[in-house]
Amino acid sequence: MTDRPRHHPALRSFAEPDEPMPPLALAGPTHRMGLNENPYGPTEAVQQAILRSCRDGHRYPSMDNGELTALLASRREVPAEMVVAGPGLVALCRGLVHATAGPGDEVVLPWPSFDDYLVDALLHEAVPVRSPLREHRLDLDDIADRVGPRTRLVFLCNPNNPTGTAFTQEALERFLDAVPPRVTVVLDEAYHEFGTAPDLADGLRALPDRGNLCVLRTFSKAYGLAGLRVAYAIAHPVVSAALRNVMLPFGLSRVAEAAAVAALHDEPEITRRVRRIVSERESMTARLHTAGWPVVPSQGNFVWLALGRHAAAVALRLATAGIAVRAYPGHGIRITATTSPDTERLLHVLEEISLHQHEEGVPCRT
Ligand SMILES: *Cc1c(COP(=O)(O)O)cnc(C)c1O
């Protein structure tokens with residue numbers, strides 16, 4: 001096979017994953033607890049807006065997604081030029097790496113965290129520099145220490161996916177003071193709306209003094225629009241202009257924009273749903289803890305079981321019972337907080353697993 005099509009050299013790093021990923025679920029009915037989706041579909045108002053937007057499906061969206069951008073600017077109290085909307089937070093992450101880093105440049109990222117940071121760096125032939133978590137938390141001092149002369153961009157994820165831990169405003173400010181202003185700091189706040197800690201960092205509060213900070217938020221999680229692909233970045237005009245330059249033209253569809261606008265106008269209902277999910281997260285955490293599982297308190301719409309070397313086996317057992325979770329082999333499993341029937345089923349199956357494993361002499365409960 002010497003004459004097959006040639007690919008970009010960066011794709012060599014994607015040859016083989018370290019460990020095969022267990023399938024998300026093997027048997028039905030499937031409890032979708034593996035992708036941090038919102039269990040509630042688009043509200044009635046959002047569905048109506050989606051239908052209306054289809055009537056203009058023969059027209060391109062506006063070049064700058066002006067309606068959504070203006071609404072976000074007014075809600076988040078920033079000038080519209082600081083807002084960039086895009087088809088998913090993943091697209092904005094990729095755009096930010098594209099805008100800042102090339103071959104040999106360094107991208108510093110926490111690990112384990114959102115996988116796309118690593119992929120985005122590798123795709124641009126940048127060198128990913130991983131900072132290991134400490135007690136399931138981002139180690140901001142270590143991340144700052146790993147910033148060097150070749151560093152172009154740093155990813156932070158708060159609350160962190162997959163561990164659910166979060167840092168404070170004070171910690172964020174201290175970190176930003178320690179990083180040179182020539183380095184872009186991308187703060188992924190995909191789960192911000194689920195945060196309940198009183199001192200949870202809010203990237204938007206840090207923005208006024210920081211020309212190198214870019215805050216990312218998404219409609220996929222709290223707003224329940226994962227299938228429609230809408231997210232946004234807020235950053236200083238220098239960063240937002242660079243990002244806008246590299247985003248695909250017309251990448252955000254009319255339908256997605258209309259859905260996001262309608263969801264912003266339906267905020268009270270969105271907030272009720274978020275509260276329900278947060279209360280599910282809290283009861284799930286308490287019950288897992290009581291049952292002896294190594295559950296880490298979370299600020300997202302998911303919980304982390306720090307199962308270490310048992311992670312893949314437990315995920316496989318859950319998949320066999322129709323429960324999809326996300327496994328991080330060697331680290332743990334991430335379980336989305338959804339509805340109480342899902343939680344009941346999860347706890348029931350976990351109970352069976354722990355009994356079974358006890359018999360086999362491989363307890364994964366701590
Ligand atoms: C889910 C998730 C995203 C993906 O957001 P999209 O807007 O759906 O692309 C980004 N970052 C983190 C940390 C996530 O968990």
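Throughout, numbering of the chain's residues begins at 1 and tracks the sequence. Counting starts at 1 for both ligands and their atoms, in listed order.
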Numbering the atoms of ligand 1 from 1, which are under 4.0 Å from a heavy atom of [X]?
X      : answer
Cys157 : 13 (C)
Asn161 : 13 (C), 14 (C), 15 (O)
Thr218 : 5 (O), 6 (P), 7 (O)
Lys221 : 1 (C), 2 (C), 3 (C), 4 (C), 14 (C), 15 (O)

Does an N or O anywhere in Val90 fall below 3.5 Å from an N or O of ligand 1?
->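 It does: an N or O of Val90 is found under 3.5 Å from an N or O of ligand 1.
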Which residue supplies the protein heavy atom nearest to atom 9 (O) of ligand 1, what is that atom called, and how far is it?
-> Arg229 NH2, 2.7 Å
Considering only non-hydrogen protein atoms, determine which one is nearest to atom 8 (O) of ligand 1 and report residue, atom name and distance to 0.1 Å.
->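 Result: Ser220 OG, 2.6 Å.
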Is [X] salt-bridged to [Y], cutoff N-O under 4.0 Å?
X      : Y      : answer
Asp115 : Arg326 : yes
Arg273 : Glu269 : yes
Arg254 : Glu257 : no
Arg12  : Glu125 : no
Arg205 : Asp199 : no

Ring-ring centroid check Phe302 Phe194, cutoff 6.0 Å =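 No: the rings miss the under 6.0 Å criterion.
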Return the option from Leu89, Leu35, Asn160 holding the heavy atom at the smallest distance from atom 5 (O) of ligand 1.
-> Leu89
So for Tyr191 against ligand 1, with non-hydrogen atoms under 4.0 Å, the contacting part is side chain
Which bit of Asp188 is near ligand 1, meaning a heavy atom under 4.0 Å away: side chain, backbone, both or neither?
->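 The part of Asp188 near ligand 1 is the side chain, not the backbone.
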Measure the shortest side-chain to side-chain distance between Tyr117 and Trp111 over non-hydrogen atoms and say whether it is less than 4.5 angstrom.
->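 Heavy-atom side-chain distance check fails, nothing below 4.5 Å.
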